Amino acid sequence: MPTQTRRSRFPRVVIERESESESDRLSEDGLLSEDEDGGGGGGGGGVISPLEAEAEADAEAEAESESGSAENENGRLGRRDKQGWSELDSWKKKEKKKKAPINISLKKVCKVCKGTGHEAGFKGATYIDCPKKPCFLCKMTGHTTMTCPHRVATEHGVVPARKNSRNSLDYVFERQLRTGIPTIKPAFVIPDQVDCAIIRFHSRRITCLEFHPTNNHVLLSGDKKGQLGIWDYAKIHEKTVYGSIHSCILNNMKFNPANDGTVYTSSSDGTISCTDLETGLPHLLMDLNPDGWHGPSNWRMLYGLDVNSEKGLVIVADNFGYLYLVDMRSNKRTCEPILIHRKGTKVVGLHCNPLQPELFLSCGNDHFARIWDVRRLEAGVSLGSMAHGRVVNSAYFSPFTGSKILTTSQDNRIRIWDSIFADLDSPSREIVHSHNFNRHLTCFRAEWDPKDFSESLAVIGRYISENYNGVALHPIDFIDTSTGQLVAEVRETNITTICPVNKLHPRDDIMASGSSRSIFIWRPKEKSERVQGKDVMKFKMSLCGKDGKKPKKKLDGRSDEDSDDYNSEYGSDLMRVAREFYFVMDYWNLQVLIWL
DNA sequence: ATCCAATGAAACC
DNA sequence: TGGTTTCCCTTGGA
């Protein structure tokens with residue numbers, strides 16, 4: 001069996017190619033073999049336009065004369081009819097074959113360090129590190145990811161506290177506040193199987209996800225374009241995208257605790273909006289750039305956002321280190337902006353303490369996470385300061401007691417402070433985990449499981465890939481933060497892209513993942529409503545007809561009448577996949593649903 | 001197949 | 001402090 005590369009699967013779901021013409025699609029990659037091509041017909045035969053062909057031919061000719069083996073191309077290119085094209089094609093193929101050996105004779109050059117004698121990159125589905133660079137996982141020198149001590153089979157490294165950071169206050173706290181918390185951890189329920197998904201729901205990558213606080217099946221998603229998606233994943237095809245709320249990246253969102261029909265969003269366009277989910281109409285709370293664009297040094301963007309329901313405050317922070325408080329009722333700022341991180345640096349995350357909402361956490365690009373009291377805000381005077389090796393992507397209080405802190409930093413470490421009252425100088429634990437920064441990905445954020453009373457389970461996507469039976473996949477990791485152990489790595493053969501955004505449902509055993517422009521809903525295997533059998537992973541897809549036409553290829557075990565039903569029901573194409581696995585393509589909306 | 005661009009932090013001067 | 005360059009397992013589209 002040939003090795004699977006990371007891209008060998010999804011591109012065959014041609015639906016995604018929005019601007020492509022049918023002829024391009026059909027001719028690509030042998031998707032249709034000769035015997036299936038009966039209905040193609042007419043002018044659809046040509047793939048490249050004469051103009052392109054000419055340019056290509058010229059380029060070829062040039063290459064030819066350089067390599068000194070040119071032979072009367074004029075005769076071949078003089079004609080512009082079909083036969084000419086096919087001749088040209090076969091001629092090109094021959095040339096390709098001829099040229100191939102030249103490349104093989106080239107010296108091995110590492111694309112990472114440009115050195116010779118070794119090569120970095122994918123060998124099949126396994127990535128080979130450049131030995132001259134620090135380990136891609138733990139950032140230490142002297143070894144590569146392959147031999148990193150933090151990557152022992154399915155476990156990640158954990159660095160225990162450098163010293164015992166617990167003091168007497170800590171124990172008092174344990175006695176008084178944590179009495180109701182079970183000491184024995186429940187068995188974690190891991191949502192590990194894809195239940196349904198929307199492929200290419202958004203037009204840009206997903207930046208954040210949020211479950212509706214009362215409606216169990218509704219998921220909100222924000223993207224890099226500033227759009228807000230609403231999806232009822234129980235009624236799979238009930239979905240909306242609101243496009244006119246923000247003009248660029250929607251960084252964070254939070255439901256209005258006083259009215260769960262509205263949601264607050266912060267964006268890099270410098271505004272906070274309160275959007276009605278029914279109408280999609282945004283209400284502008286704050287605009288930091290009322291005078292428009294005056295260069296990047298003046299343009300203010302809003303990142304961190306949270307809501308203090310007790311005080312009726314929306315707290316947001318910008319890319320210059322400032323915090324803003326907005327009253328939810330009057331929609332007015334309650335005070336002047338306060339500098340809470342190093343001036344000129346981005347504050348990416350804010351989180352209010354679940355028990356004492358006047359306390360909140362901030363984190364940002366100055367490599368710090370800090371605790372603040374909203375009643376006593378003063379620039380530079382925080383209640384606690386937690387240093388990190390790199391930018392801090394997120395900092396969250398634990399969901400029930402709010403006494404633990406979980407942070408994700410770009411130094412590839414997750415840090416846990418077991419008590420906010422203890423010494424914050426060093427974390428209780430550091431867990432080495434691959435969640436590297438990459439400008440093209442949404443930043444990874446480790447998040448608590450909101451249902452875990454023991455406050456130990458956290459979820460975070462993994463950057464680095466692993467070779468799973470010849471396919472490079474990036475699992476979503478479930479980590480027991482009390483031990484640093486990897487509890488589960490969740491993956492699906494057909495999701496070959498990184499899943500930086502993951503949200504666990506506040507009540508159900510469900511996880512939502514945002515990967516690139518798509519959203520996936522996971523459930524535990526035994527609870528999954530639509531899936532039975534183990535071989536779903538090995539499903540095979542086959543292309544069907546479009547625009548109401550009968551499928552070109554007969555569908556497995558399904559009659560043509562059935563497929564017509566599907567076509568009329570969804571007004572769309574159908575892709576039949578083995579067992580109960582279907583792709584439904586919607587050419588009108590250029591969106592696809594998968595359900596199991 | 002192969003190339004390109006989008007675009008963010010940090011190192012370097 | 002500020003402009004410039006580099007980066008290191010991306011993704012999707014041309």
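Because the structure is predicted, anything quoted here is derived from the model rather than measured. Here is how names work: the chains are called A, B, and so on, in the same order as the sequence lines, proteins then strands, and each is numbered from 1. Reckoned from all heavy atoms, side chains included, excluding hydrogens, waters and symmetry mates.
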Just how far, in rounded Å, is [atom2] of [N] from [atom1] of [X]?
X	N	atom1	atom2	value
A/I249	B/dT7	CD1	C1'	9 Å
A/D223	B/dA6	CG	P	18 Å
A/D411	B/dA11	CG	P	12 Å
A/N438	C/dG12	CG	P	13 Å
A/F122	C/dT10	CZ	P	6 Å
A/H202	B/dA6	NE2	C1'	19 Å
A/N412	C/dC9	CG	P	14 Å
A/H435	C/dT10	NE2	C1'	17 Å

Can you tell me if [X] uses its side chain to pair, donor with acceptor, with the backbone of [Y] under 3.5 Å?
X	Y	result
A/N412	A/C138	no
A/S515	A/I498	yes
A/D192	A/V490	no

At under 4.0 Å, does any side-chain N or O of [X] touch on OP1 or OP2 of [N]?
X	N	value
A/R204	B/dT7	no
A/S516	C/dG12	yes
A/R200	C/dG13	yes
A/K346	B/dA9	yes
A/H440	C/dG12	no

Choosing from [options], which nucleotide comes nearest the side chain of [X]?
X	options	value
A/H474	C/dC8, C/dC9, B/dA10	C/dC9
A/V112	C/dC9, C/dC8, B/dG8	C/dC8
A/T497	C/dT11, C/dT10, B/dA9	C/dT11

Minimum heavy-atom separation for A/C130 and A/H118, please, with both atom names.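 Answer, listing the atom of A/C130 first, then A/H118: SG-NE2, 3.6 Å.
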For a quick check of understanding: with a heavy-atom distance under 4.0 Å over all strands, which category does A/R390 fall into, base, sugar-phosphate or nothing?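 It contacts sugar-phosphate atoms only.
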Looking at every strand, decide which applies to A/N365 at a 4.0 Å heavy-atom threshold: base, sugar-phosphate, or nothing.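 Sugar-phosphate contact only.
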5' precedence on DNA chain B between A/K224 and A/H367 (nearest-nucleotide basis):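 Closest to the 5' end, via its nearest nucleotide, is A/K224.
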So which one's nearest nucleotide on DNA chain B is more toward 5', A/R439 or A/G389?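 Nearest nucleotide further toward 5': that of A/R439.
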Cation-pi, A/Y127 ring and A/K123 (6.0 angstrom, 45 degrees):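 No, A/K123 does not sit over the ring of A/Y127.
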How far apart are the C-alpha atoms of A/R445 and A/C208, what are their side-chain angles, what is the distance that settles it, and do they pass the side chain to side chain contact (heavy atoms under 4.5 Å, CB included) test? CA-CA 10 Å; A/R445 304 196 255 199; A/C208 55; 4.2 Å; yes
Aromatic ring of A/F136 stacked on base six-ring of C/dC9, 5.5 Å, 30°: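 Ring-base stacking flag set for A/F136 and C/dC9.
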